[in-house]
Amino acid sequence: MEAVIEVRGLVKDFGSTRALDGLDLSVEPGQVHGFLGPNGSGKSTTIRVLLGLIKASGGEARLFGEDPWRRAVELHRRLAYVPGDVNLWPNLTGGETIDMLGSLRGGLDPKRREELVERFELDLTKKASTYSKGNRQKVALVAALATDAELFIFDEPTSGLDPLKEAVFQECVKEITGEGHTILLSSHILGQVEHLADTLTIIRSGKTVESGSIEELRKMTHESADPDRPASLEELFLSVYEPK
Amino acid sequence: MSRFTGTGEALRFALKRDRLLLPLCVVGLIGWVGLYVASYSGLYGTQADLNSLYKSVAGNPALVAMVGPTDGLRTLGGATAWETLPVVSVISAIFAMFVVIRHTRAEEEDGRSELLLAAGSGRLATLTAAMIVTAGSLTLAAIGWLVVFLATGYEAGSSVLLVLSILGFGYVFVGTTAICCQVTAKARTARGLVGIVIGIAWFLRALGDTGPEALTWLSPLGWAQSTKAYWDDTWWPLILPVAATATTVGFALWLLSRRDIGSGLIQPRPGPDRAHPSLLHPLGFSLRVQRGSIIGWTYLLFVYGFAIGAVGDNITGILESSDALTAAFAGTSSNIVDSYFATIFTVLALMATGFTIGGVLRPHSEETHDRAALLLAGPLGKVRWAWGHVLIAYAASALMMALLGLGLALGLGVVTGDFGETGRLVASGFAQAPAMWLTASLAVLLFGISSRASVAAWGLLVAFVVIWSVASFGDLPSWIVDLSPYSHVPAVPAVPLEAGPLVTMTAIAAAVTTIGLALWRRRDLL
Ligand SMILES: Nc1ncnc2c1ncn2[C@@H]1O[C@H](COP(=O)(O)OP(=O)(O)O)[C@@H](O)[C@H]1O
Ligand SMILES: [Mg+2]
């Protein structure tokens, strides 16, 4: 089957800073794919290229086999996105925002919307200007999770949520994976990704360090005879945080 | 820990952040006054020139209402003060408004103030630093003006008085802006509030100078003009801005020490838990985003038009009693009220272009506030989305200028009982729109080039204001005058409405907008 996300040798320069330096990422249909890396390693930049919001400087990025920069509108019908830092329109209430964002994708399932609002304990009548970071994130999460997208892209979606709501988020992701959706989950926390993901890409400084299924990566690290190789997934993950 | 702890750091931070912007603005303010002064000393070099200026202008109630009392026009200094003081004062106030809000409410709205407070900075530090930076910049500009006046040979004492009068007005608006920043949680609304206060100050003075004098004393602009620099130097009114500045600054600090961070005194009320159907269409949503400023500006222009229209008839009465004035204006227009209205239309078109630029740059503000990605990650084309905002801004601009004309006609009609001018005045208002579109289309072009370039659009508007203000009183090479779109709008209703330049400007605006949005299609989202 065709990969949902296929990124090869992706390069992105912002002026003289190289944010992505030959990054590879591949996500198959139905997978929950963890996208791990320290702050500033290029996760958000990769996602913004995949969303067609910024143009790649080099390499290749394909979403459902197509170019996200040229075919943004068509591709966006098939996906839902939650950024890490959600900023909303201060004058709109949470409820208005959810409906407006949902309407872009042809409307939300009202029952699903209601259920999610209850689970995340979100007060829909408050103006966005009075929401905390966590509540703004919940608004974006509800708007995304109440759609029937083929692909969900979450960019550090729980950085403002308390542990209880984070658990709710994890439940929601588990539920939709059963239904055959594909999920790209970027995070800088190994625990969260380990819990949800089938496959994993670890990046550092805009380059892919390791990629594979969680099982494979575990086995590979444990069985490695090379004393310089990390001996566990944790060590592998921690090793990308160390200065080169 | 004192509530002022960290003011020094905040000050350094603000200066570092604006190390380019502030010097540029200060130099601009000084250069602008320099331009004025240079053009006057050429234009009114001899006493005969001044006498003829005095004869043509003195007591003209339209000009008294627009600019101020004309008694001092017999001297070069008096003429300079008459023409520069109101406009330089208002621009200084607008400068104060932008700088104070930029460093306080805007920062707080974007959630950056909390970081500073958490880092041990005192509650009042940021506001105090912002006010010091702003007042300091104004003071530097004032010193520059003084140097310009002295270097040109103006009388020293009077020059100091004039400069202090303008500076006092600017200071009052440092404090006023600080108060407005406490009242509302949104930078945009705070700017709107300050704009209204500036408008009221101008209007009270205009009414006071043409009617009950007491009203002049309610306006900080009236205080500034009552120093009568160069013809009847009066120093004591300087006390008024000093007292008002102290009061407003103190009140703002008191308000800040009592309110919650991140919120204003006016708390947002809860709203509906689901969206009105009109929000469920991208264009409906864009309209909602712009709704507040559309309503605010339209209302303001209409009420303003009504008030000016009502005074308009009064002006005819005074004019008809003076043969000299009727003769002076006979060459330019059959009806002196019409030329007065023509000037009003131009001034307000320049002002309302502030709305138009703000409207077409909504996509830019959505981009910098990191909200655009949330929309554009949906199946909404970035060009279609931006066109929506631009068209809303263009349509609303035309509508509000037409309503300004309607307001004028109704104000005039209520006093005279004759509503026959309505169609002509509405059309005159509408005729201002192409110049506003053209200016705003340049903003779209800049936005298409890059996000950072967008703000230069405001500089463009300031340049057009300067061209208009210098050209209407002084002497500018015609190629410079022609650079401004507003110079190409027929001076309706004083002259017949001529469609040619309007059609041309509309066509250019459409082309430039299209190019701008094509560039936007090709560039990265911030
Ligand atoms: N618009 C931009 N302009 C300049 N540099 C940027 C921009 N966006 C991201 N960067 C830089 O690119 C690198 C990767 O950032 P990002 O993708 O946000 O990392 P992550 O999401 O993994 O924390 C960082 O060094 C960041 O500073
Ligand atoms: Mg990120």
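Residue numbers start from 1 in every chain, and the chains themselves are labelled A, B, ... in the order their sequence lines are given, proteins ahead of strands.
- Within the 4.5 angstrom heavy-atom criterion, no atom of Ala185(B) approaches chain A.
- For Phe14(A), the CZ atom sits in a packed shell: over 12 heavy atoms of surrounding residues, nucleotides or ligands are nearer than 6.0 Å.
- Within the 4.5 angstrom heavy-atom criterion, only side-chain atoms of Pro282(B), from C-beta onward, approach chain A.
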Put together the list of donor-acceptor pairs under 3.5 Å connecting chain B with chain A, please.
{"residue": "Arg269(B)", "atom": "O", "partner": "Lys127(A)", "partner atom": "NZ", "Å": "3.1"}
{"residue": "Gly271(B)", "atom": "N", "partner": "Thr125(A)", "partner atom": "O", "Å": "2.7"}
{"residue": "Pro272(B)", "atom": "O", "partner": "Thr93(A)", "partner atom": "OG1", "Å": "2.6"}
{"residue": "Asp273(B)", "atom": "O", "partner": "Arg113(A)", "partner atom": "NH2", "Å": "2.8"}
{"residue": "Ala275(B)", "atom": "N", "partner": "Asp99(A)", "partner atom": "OD2", "Å": "2.8"}
{"residue": "Leu280(B)", "atom": "O", "partner": "Ser103(A)", "partner atom": "OG", "Å": "3.3"}
{"residue": "Glu366(B)", "atom": "OE1", "partner": "Trp89(A)", "partner atom": "NE1", "Å": "3.4"}
{"residue": "Glu366(B)", "atom": "OE2", "partner": "Trp89(A)", "partner atom": "NE1", "Å": "2.4"}
{"residue": "Arg371(B)", "atom": "NH1", "partner": "Leu88(A)", "partner atom": "O", "Å": "3.4"}
{"residue": "Leu376(B)", "atom": "O", "partner": "His76(A)", "partner atom": "ND1", "Å": "2.9"}
{"residue": "Ala377(B)", "atom": "O", "partner": "His76(A)", "partner atom": "ND1", "Å": "3.4"}
{"residue": "Ala377(B)", "atom": "O", "partner": "Arg105(A)", "partner atom": "NH2", "Å": "3.4"}
{"residue": "Gly378(B)", "atom": "O", "partner": "His76(A)", "partner atom": "ND1", "Å": "2.9"}
{"residue": "Arg521(B)", "atom": "NH2", "partner": "Trp69(A)", "partner atom": "O", "Å": "3.0"}
{"residue": "Asp524(B)", "atom": "OD1", "partner": "Lys55(A)", "partner atom": "N", "Å": "2.7"}
{"residue": "Asp524(B)", "atom": "OD2", "partner": "Lys12(A)", "partner atom": "NZ", "Å": "2.5"}
{"residue": "Leu525(B)", "atom": "N", "partner": "Leu53(A)", "partner atom": "O", "Å": "2.9"}
{"residue": "Leu526(B)", "atom": "O", "partner": "Arg48(A)", "partner atom": "NH2", "Å": "2.4"}

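- Options Ala373(B), Ala377(B), Gly284(B) differ in how many heavy-atom pairs under 4.5 Å they form with chain A, and the most are formed by Ala377(B).
- Between Leu525(B) and Leu51(A) there is no side-chain heavy-atom pair separated by less than 4.5 Å.
- Interface residue Leu101(A): only side-chain heavy atoms are found under 4.5 Å from chain B.
- Of the atoms belonging to Ile98(A), not a single heavy atom falls under 4.5 Å from chain B.
- In this structure Ser454(B) satisfies the side-chain hydrogen bond (donor to acceptor under 3.5 Å, both in side chains) test with no other residue, sequence neighbours excluded.
- The part of Val86(A) that comes within reach of chain B is its side chain, from C-beta onward, which places non-hydrogen atoms under 4.5 angstrom from that chain.
- Residues Leu375(B) and Leu104(A) have side chains in contact (heavy-atom distance under 4.5 Å, counting atoms from C-beta outward).
- Residues that satisfy the side chain to side chain contact (heavy atoms under 4.5 Å, CB included) test with Ala352(B), not counting sequence neighbours, are Trp297(B), Leu301(B), Met401(B), Met436(B).
- With sequence neighbours left out, Val197(B) forms a side chain to side chain contact (heavy atoms under 4.5 Å, CB included) with Phe173(B), Thr176(B).
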